[in-house]
There are 2 protein chains.
Amino acid sequence: MAIRLTDVANEAGVSLATASRVLNGSARKPAAEISDRVRAAAEKLGYFPNAQAQALARASTKLVGLVVRDIADPYFSTIARGVQRGLGDSGTQLLLASTDSEPEREIEAVRSFMSQRTDAIILSGSRGLSEDAALLRLIGSYQENGGQVIVIGQPLASTGGIQIDNETTSENLAEELIRSGHRRFVVLAGDENLLTSRDRAQGFLRKLKRTGLSAVGVVHGAFSREGAYMAMSDFLRGRKSEEDAQQLCVFCVSDVMALGAIRAIRESGLRVPEDIAVVGFDDIPTLEDVTPGISTARLPLEEIGRWAGEMVLSHGEARKTVVAGTPVLRESTKLHAGNR
Amino acid sequence: MAIRLTDVANEAGVSLATASRVLNGSARKPAAEISDRVRAAAEKLGYFPNAQAQALARASTKLVGLVVRDIADPYFSTIARGVQRGLGDSGTQLLLASTDSEPEREIEAVRSFMSQRTDAIILSGSRGLSEDAALLRLIGSYQENGGQVIVIGQPLASTGGIQIDNETTSENLAEELIRSGHRRFVVLAGDENLLTSRDRAQGFLRKLKRTGLSAVGVVHGAFSREGAYMAMSDFLRGRKSEEDAQQLCVFCVSDVMALGAIRAIRESGLRVPEDIAVVGFDDIPTLEDVTPGISTARLPLEEIGRWAGEMVLSHGEARKTVVAGTPVLRESTKLHAGNR
DNA sequence: CTGTTAGCGCATTCAC
DNA sequence: GTGAATGCGCTAACAG
């Protein structure tokens, strides 16, 4: 087996307690000469503290759990990077779980993190409308036992976190688009059971209504690239050949969905933005490499993750922060003269 | 504090041992009636096994560590997803560490994983040329203590893993490009100290030489999007206005670099592929959304990750698998008639 | 089949 | 300032 602290103590000719005091900042400071001997012994033997044993003896694990829907999705991987940056060199390790959008897997993940006695759990996958009772109960008991819960996205009554003001952001985005001249909108609203999805669609639609406009169409589907691809394909198939109408602008409730929609538009032989304009939401890094540049609402994804990580470290008492996105209009929503 | 197994045992009126046997698959099967009572008590009290204590008492942690350079890089996040899929519902949790390409951070990550007593460590960040002695020593002692090490990319003598045959793949890619009519190549070779980088560049250059061609230029830089952007910008600034020459084809040793190169090319007012053709390597998912479609060498990224995860589960005795990429020519290397 | 007991490796009180 | 003893929560012999 591996080298134990006891071995190091023996090698250095000191007691277990002293070795322990030397190898981790304890209040009591052993003599310099003794310390050196212990450190030398540890080095020589190749000692590694057993984190499990430490966790058991102390009360903390220096572990934090991050729950995402899909780590390969740029939205989540960017946040994940931020979290790691936020954790910095605090020695805190990140436990990652992906849910594939399945609520039961999210519960499973939280349950597992609870077993691991993580000091904190960061929930970044958007929650559903129905405040899943089982999840809430779990979270509650986790908090009662001293666990910190940080939610990214929609706030959860009892927890701290970074709230994203999806509704207002969508309203502002709609406003900018209208100002730029767009009038005919279609909303790819994603999954109506997800808060994020719903809030973004509602905010957008509300602004339209207030401006005296109404959406040409609202299409639901999965909150993913594939979901948007299918939704858009269906929509295109369904509409009459009204090519002479004013340019359409498709608002997708996420950039990833915008990417799927564009794919569908192109496959049906149309161009973006000449035939149909497209807007997304999030401003994922991927957009930097896509042409035409896709209009969107910029969210400081990496920073959001970093804040979450920092919150964990600061043991902040359920601090809440609200972030709104900034509309960024690029080529994908450029009005095409011939289509006005 | 949290509910302990002892509490459950008391509540159920059985011994600690029995409760333990019920709540986790032990060889000995307690009576059905007793089992139900224990499970009911556990449920009622909201019991969660303390993974740390279990790990200490057993010998295994059901934890595996994954080291990547940057989790926000599609290459790594896709592999990470694969690893999670490979781990499936085995109950094994993933510990994630990012190194930001700094060797010392990689060592730090491995050291931390060793402290966590992870059952296995998956190294996916490409290693440097100099077989970092410190890292090798660490890995060695980890293995001696029963730890499993799986390397993705270049093989490491003592470990199992998925090897990527970068050289042969690059040769095949070069062959396809030549066959399609290209003759004038520039190689954005990335970091010459990284094995991946070097192998890909060398394989490509070797094929050129064997075909009687030689590269118009070989430019080094960071193995990243930014690195390629800068390298390409420099190259473009440096060359004479030889617009009338035959079309250039820029081979980037990774897709992410290709993306950076394309950005540089466009900023200098040139078009891809009309003025300059570009090829990448990896076939990251991002390419699906980029126009023009970028030619590349396809690697089954997610599957590679999945294999790694499965290797961990199967406790495979240092099994090695070799994977080669498949050349995929798309629009970014289409020969432009006017430039022939 | 069930209960008792002895550690797993370490932090930490308490004496010296 | 240093050492001996106790316990963190759980598993795995070992008895019964």
Side-chain angles (χ1 to χ4, degrees), chain A residues 1-39 41-42 45-63 91 114-119 145-147, chain B residues 1-39 41-42 45-63 91 114-119 145-147:
Chain A
M1 280 306 283
I3 307 297
R4 296 159 304 161
L5 186 53
T6 307
D7 303 326
V8 176
N10 287 344
E11 174 77 19
V14 299
S15 80
L16 176 61
T18 300
S20 171
R21 287 193 268 258
V22 170
L23 265 23
N24 44 54
S26 167
R28 284 158 154 38
K29 286 293 176 195
E33 184 237 2
I34 285 276
S35 297
D36 291 342
R37 245 188 16 237
V38 173
R39 253 185 286 274
L45 265 37
Y47 169 75
F48 280 90
N50 182 320
Q52 263 72 38
Q54 284 185 312
L56 201 55
R58 299 174 166 153
S60 132
T61 55
K62 287 261 198 179
L63 242 35
M114 287 177 70
S115 261
Q116 294 291 343
R117 299 293 191 269
T118 55
D119 296 341
N145 292 328
Chain B
M1 277 306 282
I3 307 297
R4 297 159 302 162
L5 187 53
T6 307
D7 303 326
V8 175
N10 287 343
E11 174 77 19
V14 300
S15 80
L16 176 61
T18 300
S20 170
R21 286 192 270 258
V22 170
L23 264 24
N24 44 55
S26 167
R28 284 158 157 39
K29 288 292 174 193
E33 185 237 2
I34 284 278
S35 297
D36 291 343
R37 238 177 35 226
V38 173
R39 253 186 286 274
L45 266 37
Y47 169 75
F48 280 90
N50 182 320
Q52 263 70 39
Q54 288 186 195
L56 200 56
R58 300 173 167 153
S60 132
T61 55
K62 286 263 200 176
L63 242 37
M114 288 177 69
S115 261
Q116 294 291 346
R117 299 293 191 270
T118 55
D119 296 340
N145 292 327

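Bear in mind the structure is a predicted one, so any value in this text is a computation, not a measurement. Residue numbers begin at 1 in each chain, while the letters A, B, ... track the order of the sequences.
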Quiz prompt | Rounded interatomic separation in angstrom, taking CG from B/L56 and P from C/dA11 | solution = 12 Å
Quiz item: Which value, rounded to the nearest 0.5 Å, describes the distance between B/F48 atom CZ and B/L23 atom CG?
Solution: 11.5 Å
Quiz item: Can you check whether A/A51's main-chain N or O pairs, donor with acceptor, with B/S115's side chain at less than 3.5 Å?
Solution: no
Quiz item: Reckon A/T6 has a side-chain N or O less than 4.0 Å from the OP1 or OP2 of C/dG9?
Solution: no
Quiz item: Can you find a side chain N or O atom of B/Q54 that sits less than 4.0 Å from OP1 or OP2 on D/dC10?
Solution: no
Quiz prompt | Along DNA chain C (nearest heavy atom to each residue), the more 5'-positioned of B/T18 and A/R4 | solution = B/T18
Quiz prompt | salt bridge (Lys or Arg N to Asp or Glu O under 4.0 Å) pairs, two or more places apart, involving residues 51-62 of chain B | solution = none
Quiz item: Between C/dT13, C/dA11, D/dT11, which one does the side chain of A/R21 approach most closely?
Solution: C/dT13
Exercise. Assess whether side-chain contact (heavy atoms from CB on, under 4.5 Å) is satisfied between B/N50 and A/R117, documenting all intermediate values.
Key: CA-CA 7 Å; B/N50 182 320; A/R117 299 293 191 269; 3.8 Å; yes
Self-check item: Pairwise distance CD(B/Q54) to CD(B/Q52) - rounded to 0.5 angstrom
Solution: 9.5 Å
Quiz item: Is the shortest side-chain N/O distance from B/S15 to OP1 or OP2 of C/dT4 below 4.0 Å?
Solution: no
Quiz prompt | Test item: B/T61 side-chain N/O and B/A55 main-chain N/O as donor-acceptor pair under 3.5 Å | solution = no
Quiz item: Can you check whether A/N50 has a side-chain N or O nearer than 4.0 Å to OP1 or OP2 of C/dC8?
Solution: no
Practice problem: Using atom types as modelled and distance alone, determine if a side-chain donor or acceptor of B/D7 lies under 3.5 Å from a backbone N or O of B/R4. | Solution: yes
Practice problem: Mind running a 4.0 Å heavy-atom check of residues 31-39 of chain A against DNA chain C and sending the residues that fall below it, in number order? | Solution: none
Quiz item: Out of D/dG3, C/dG3, C/dA11, which has the shortest distance to the side chain of A/A17?
Solution: D/dG3
Exercise. Please round to 10 degrees the angle between the axis of the first five pairs and the axis of the last five pairs in the helix from C/dC1-D/dG16 to C/dC16-D/dG1.
Key: 40°
Practice problem: Select one nucleotide: of C/dT12, C/dG3, D/dG7, the one nearest the side-chain heavy atoms of A/S20. | Solution: C/dT12
Quiz prompt | Selection from C/dG3, C/dC8, C/dG9 that lies nearest to any side-chain heavy atom of B/V14 | solution = C/dG3
